[in-house]
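Indexing begins at 1, ligand by ligand and atom by atom, following the structure's order.
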Amino acid sequence: MDVSKIVIPAAGIGSRFLPYTKTIPKEMLPLCEKPAMHYIIEEGMQSEAKNFFIITSRSKYSIEDYFDTSPELATFLKEISREALLSDIEKIIRNAEFAYIRQSEMLGLGHAVWLARHAIQKEYFGVMLPDDIVVSKQPGLAQLIRVARQEKGSVIAVQEVPTECISSYGIIDVKKQITPHLFQVAYIAEKPSPKNAPSNLAVIGRYILSHKIFAALDTMMTYSVGEEIQLSDAINSMLQNGEKVFAYKIQGTRYDIGTPVGWIKAIIGMSLQNPLYAPHIKRFLSDFNTSDSFVFNPIKNIEHTL
Ligand code: G1P
């Protein structure tokens with residue numbers, strides 16, 4: 001089983017980050033020196049995917065521009081011998097292909113994925129939600145692809161979440177536990193209340209799906225009138241039609257950058273894992289009174305008199 005195509009829903013208006021997202025897509029929020037979307041594409045490519053179908057909307061041009069060449073900047077950087085600054089992004093541009101599909105109405109995650117139906121043949125494909133950044137030795141998506149190959153079915157990434165977070169996620173009902181990290185799924189309850197939740201295993205933003213998801217979504221598109229189309233409902237419909245779906249607890253750290261607090265935590269967490277930034281951030285967090293901080297004061301006297 002080869003998984004070379006990835007659908008990335010990135011059309012949301014990012015209301016939690018307004019007014020920032022008035023002009024800049026939330027997928028372009030910086031995490032250290034790269035935008036979030038850069039990490040998503042890197043994870044996809046490190047998992048051997050090559051074709052990225054990004055579902056966008058109005059005012060998302062900066063995503064397209066980012067994954068395209070910038071000849072003037074490249075020439076300028078060459079003149080000053082700093083071309084290495086673009087090497088990471090140029091590697092992506094050389095080795096991956098991008099296509100953009102507009103979602104003009106916000107009709108939910110299922111609808112966003114459905115818009116890519118003409119790009120996918122009778123094959124398994126990936127879905128990556130850019131709100132979830134996975135930092136791990138083996139790329140998060142590659143872990144799912146390995147399981148999909150082994151089990152010959154669709155696979156969803158899951159993570160155990162505390163009770164107070166349950167109602168923010170799709171929660172899986174386990175049909176069978178195969179290993180400590182691998183489950184066969186009976187059903188996904190989309191954002192249940194904690195007392196109705198079938199488990200504490202929450203769906204996080206990585207999926208390997210059978211193309212059969214599109215038949216399920218087609219039916220839902222016909223019957224739903226202006227309601228949000230949930231990807232979880234389409235997965236449930238595939239399950240009812242006999243498709244096997246598995247859930248895998250991916251190994252690594254997952255950051256939810258869908259909220260400002262989550263994004264700040266991701267920056268801190270990721271910079272602490274980066275040898276370039278870690279010593280500075282550690283020092284800063286252990287004592288704000290450092291030489292690179294605005295409140296630096298060697299004698300710890302922060303009172304002033306005019
Ligand atoms: C979507 C899915 C949900 C999943 C979540 C992961 O919800 O519908 O099942 O748990 O992504 O982030 P959203 O966060 O888009 O509301």
N or O pair under 3.5 Å between [X] and ligand 1:
| X | answer |
| --- | --- |
| Lys191 | yes |
| Ile204 | no |
| Ser168 | no |

How far is [atom] from the closest protein heavy atom, and which atom is that?
| atom | value |
| --- | --- |
| atom 6 (C) of ligand 1 | Val203 O, 3.4 Å |
| atom 1 (C) of ligand 1 | Leu109 CD2, 3.9 Å |
| atom 2 (C) of ligand 1 | Glu190 OE2, 3.6 Å |
| atom 12 (O) of ligand 1 | Asp132 OD2, 3.3 Å |

Taking heavy atoms and a distance under 4.0 Å, where does Asp131 meet ligand 1: side chain, backbone, both or neither?
-> neither

Parallel, tilted or perpendicular, as decided by the 30° and 60° cut-offs, for the rings of Phe67 and Phe98 = parallel

Indicate if Ile204 and Leu182 have the same hydrophobic cluster label, given that clusters are the connected sets of ILVMFWY residues with side-chain heavy-atom separations under 4.5 angstrom.
-> yes

Atoms in ligand 1 with a heavy atom of [X] nearer than 4.0 Å:
| X | value |
| --- | --- |
| Ser232 | 9 (O) |
| Leu129 | 11 (O) |
| Gly170 | 3 (C), 4 (C), 9 (O), 10 (O) |

Heavy atoms, side chains only, cut-off 4.5 Å: are Ile235 and Ile213 in contact?
-> yes

Using side-chain hydrogen bond (donor to acceptor under 3.5 Å, both in side chains) as the criterion, point out the one residue from Gln159, Glu160, Gln143 that pairs with Lys249.
->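 It is Glu160; the other options fail the test.
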
Does atom CG of Asp2 have more than 12 heavy-atom neighbours from other groups under 6.0 Å away?
->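 No, CG of Asp2 has 12 or fewer neighbouring heavy atoms, counting only those of other groups under 6.0 Å.
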
Would a 4.0 Å cut-off, counted as strictly less than, catch a protein heavy atom around atom 15 (O) of ligand 1?
-> no

Is the closest heavy atom of Ala202 to ligand 1 under 4.0 Å?
-> no

NZ/NE/NH1/NH2 to OD/OE distance under 4.0 Å, Lys5 and Glu123 | yes

Is Lys60 reaching over with its side chain to a backbone N or O of Ala10, donor-acceptor style, under 3.5 angstrom?
-> yes

Judged by modelled atom types alone, do Gln251 and Lys137 share a side-chain donor-acceptor pair under 3.5 Å?
-> no

Measure across Met128 and Gly44 and return the closest heavy-atom pair with its distance rounded to 0.1 Å.
->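 The answer is CE-N, 3.9 Å.
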
